[in-house]
Amino acid sequence: MIVPVHNEEDAIVSLVQQIILVLKGLGRPWEVVIIDDGSTDGTLKCLEPLEVKVIAHPYNIGNGAAIKTGIRHACGEIILMMDGDGQHDPGDIPRLIEQIGPYDMAIGSRSSGSQNTHRMVANQFYNLFASYVAHFFIRDLTSGFGAIKASVLKRFTYLLPNTFSYPTTLTLSLLRAGHSLCYEPIV
């Protein structure tokens, strides 16, 4: 599990504790890799007592850069990615992992009720355009919550930008390269 964070001292401990509880319940090997992207608050201090691997960027490089750092340090056959601000429910992790095998990637697709109107309309436009480009119906192009085969992800890491647009690049790259993906509804 890769979790990029930047100034998340208020939410990170609770989130990581929930993630660990879910991962322990899976009955398989797991790790949590937290990438601190140059936080200036107490995020790093909060992470010290937790059962996680922490990699700290010396300054803020970007969410995509943090994901790429996590990919380089992650072990295991399946890599999960989740935003560190608490917007995703760790309880959805098992449903994403279950899809890996038949699919190369499983993406948490946000329902329309979980986004503000402006963001929902913009995302629908981007999803339609990307669906046209990829020749595949894309439900959520910008979701940062997903699971993917590590062997597939590591081949595409160099393409990912250092910004928040890494999910878009990853999804389109996988589809254009002929990999399979599915969507799991999340809030």
Side-chain angles (χ1 to χ4, degrees), residues 1-8 12 16 19 23 29-39 43-44 47 52-85 87-88 93 96-97 99-110 122-123 125-184 186:
M1 161 82 38
I2 298 170
V3 183
V5 297
H6 178 74
N7 292 340
E8 296 294 348
I12 194 60
V16 170
I19 290 169
L23 293 176
W30 59 272
E31 71 175 344
V32 177
V33 181
I34 307 288
I35 299 80
D36 181 87
D37 192 31
S39 291
T43 299
L44 277 172
L47 294 168
V52 296
K53 180 190 297 185
V54 178
I55 294 106
H57 286 169
Y59 55 88
N60 185 265
I61 303 172
N63 187 262
I67 287 292
K68 291 190 289 189
T69 297
I71 293 167
R72 289 190 288 270
H73 287 87
C75 302
E77 296 175 8
I78 299 172
I79 295 178
L80 288 128
M81 295 168 284
M82 173 187 273
D83 294 340
D85 59 5
Q87 69 173 297
H88 301 126
I93 291 170
L96 293 171
I97 290 175
Q99 298 300 328
I100 303 302
Y103 297 96
D104 295 320
M105 183 174 182
I107 300 169
S109 176
R110 298 164 288 189
N123 281 343
F125 171 77
Y126 293 130
N127 292 342
L128 286 172
F129 181 70
S131 295
Y132 172 76
V133 170
H135 304 286
F136 180 86
F137 181 65
I138 295 176
R139 291 191 178 113
D140 194 340
L141 187 61
T142 60
S143 175
F145 187 25
I148 185 170
K149 291 177 181 175
S151 59
V152 172
L153 179 58
K154 290 181 187 243
R155 288 191 0 245
F156 290 90
T157 304
Y158 78 98
L159 292 173
L160 304 180
N162 289 345
T163 61
F164 280 101
S165 62
Y166 80 86
T168 302
T169 304
L170 182 59
T171 300
L172 291 174
S173 297
L174 260 65
L175 287 171
R176 295 301 291 170
H179 288 280
S180 60
L181 67 86
C182 69
Y183 289 94
E184 278 294 315
I186 62 169

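For the pair K149/I78, no side-chain contact is recorded, criterion being any heavy-atom separation below 4.5 Å from C-beta on. Residues H6 and D36 are not in side-chain contact: their nearest non-hydrogen atoms beyond the backbone lie 4.5 Å or more apart. V32 has its side chain within reach of L23: a pair of non-hydrogen atoms, C-beta onward, lies under 4.5 Å apart. Inter-residue side-chain proximity for H57 and T69 is flagged as met; some heavy-atom pair is nearer than 4.5 Å. Side-chain contact between I12 and L47: present, with at least one pair of heavy atoms (C-beta onward) separated by less than 4.5 Å. At a threshold of 4.5 Å between non-hydrogen side-chain atoms, the residues K53 and I55 count as touching.
Remark: the backbone N or O of D85 is not paired with any side-chain donor or acceptor of D83 at under 3.5 angstrom. Within the 3.5 Å criterion, the main-chain N or O of C75 finds a donor-acceptor partner in the side chain of E31. For the pair D104 (side chain) and S180 (backbone), a donor-acceptor distance under 3.5 Å is present. Remark: side-chain polar atoms of D37 are paired, donor with acceptor, to backbone N or O of G62 under 3.5 angstrom. Of the possible donor and acceptor atoms, none in the side chain of S143 sits under 3.5 Å from a partner among the backbone N and O of S109. Although no hydrogens or angles enter the test, the distance criterion places no donor-acceptor pair under 3.5 Å between the side chain of T43 and the main chain of S39.
What you find for G144 and P167 is that their closest heavy atoms are CA-CG, 4.2 Å. Across every non-hydrogen atom of A74 and V33, the tightest pair is CA-CG2, 4.4 Å. In this structure, L96 and G108 approach most closely via the heavy-atom pair CD2-N, 3.8 Å. Here the closest non-hydrogen pair linking L160 and Y166 is CD2-O, 3.9 Å. Annotation for E8 and G84: closest pair CG-O, 3.6 Å, computed over non-hydrogen atoms.
Side-chain rings of F156 and H179 approach one another, their centers coming within less than 6.0 Å.
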I107/E184 under side-chain contact (heavy atoms from CB on, under 4.5 Å): CA gap, chis, key distance, verdict: CA-CA 6 Å; I107 300 169; E184 278 294 315; over 6 Å; no
Might you work through the side-chain contact (heavy atoms from CB on, under 4.5 Å) test for V52 and V16, ending with a clear yes or no? CA-CA 8 Å; V52 296; V16 170; 3.5 Å; yes
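Remark: T163 pairs with P161, S165 by the side-chain contact (heavy atoms from CB on, under 4.5 Å) rule, at least two apart or across chains. Shown here are the side-chain contact (heavy atoms from CB on, under 4.5 Å) partners of E77, two or more places apart in sequence or in another chain: there are none.
Distance check, rounded to the nearest 0.5 Å: CD1 of I71 to CG of L170 gives 7.5 Å. Distance check, rounded to the nearest 0.5 Å: CE of M1 to CD1 of I19 gives 5.0 Å. One distance of note links CE of M81 with CG of N63; it measures 10.5 Å at 0.5 Å rounding. For the atom pair CD1 (I97) and CD1 (I148), the distance works out to 13.5 Å, reported to the nearest 0.5 Å.
Between K68 and the choices L159, I2, T157, I35, the side chain to side chain contact (heavy atoms under 4.5 Å, CB included) rule is met once, by T157.
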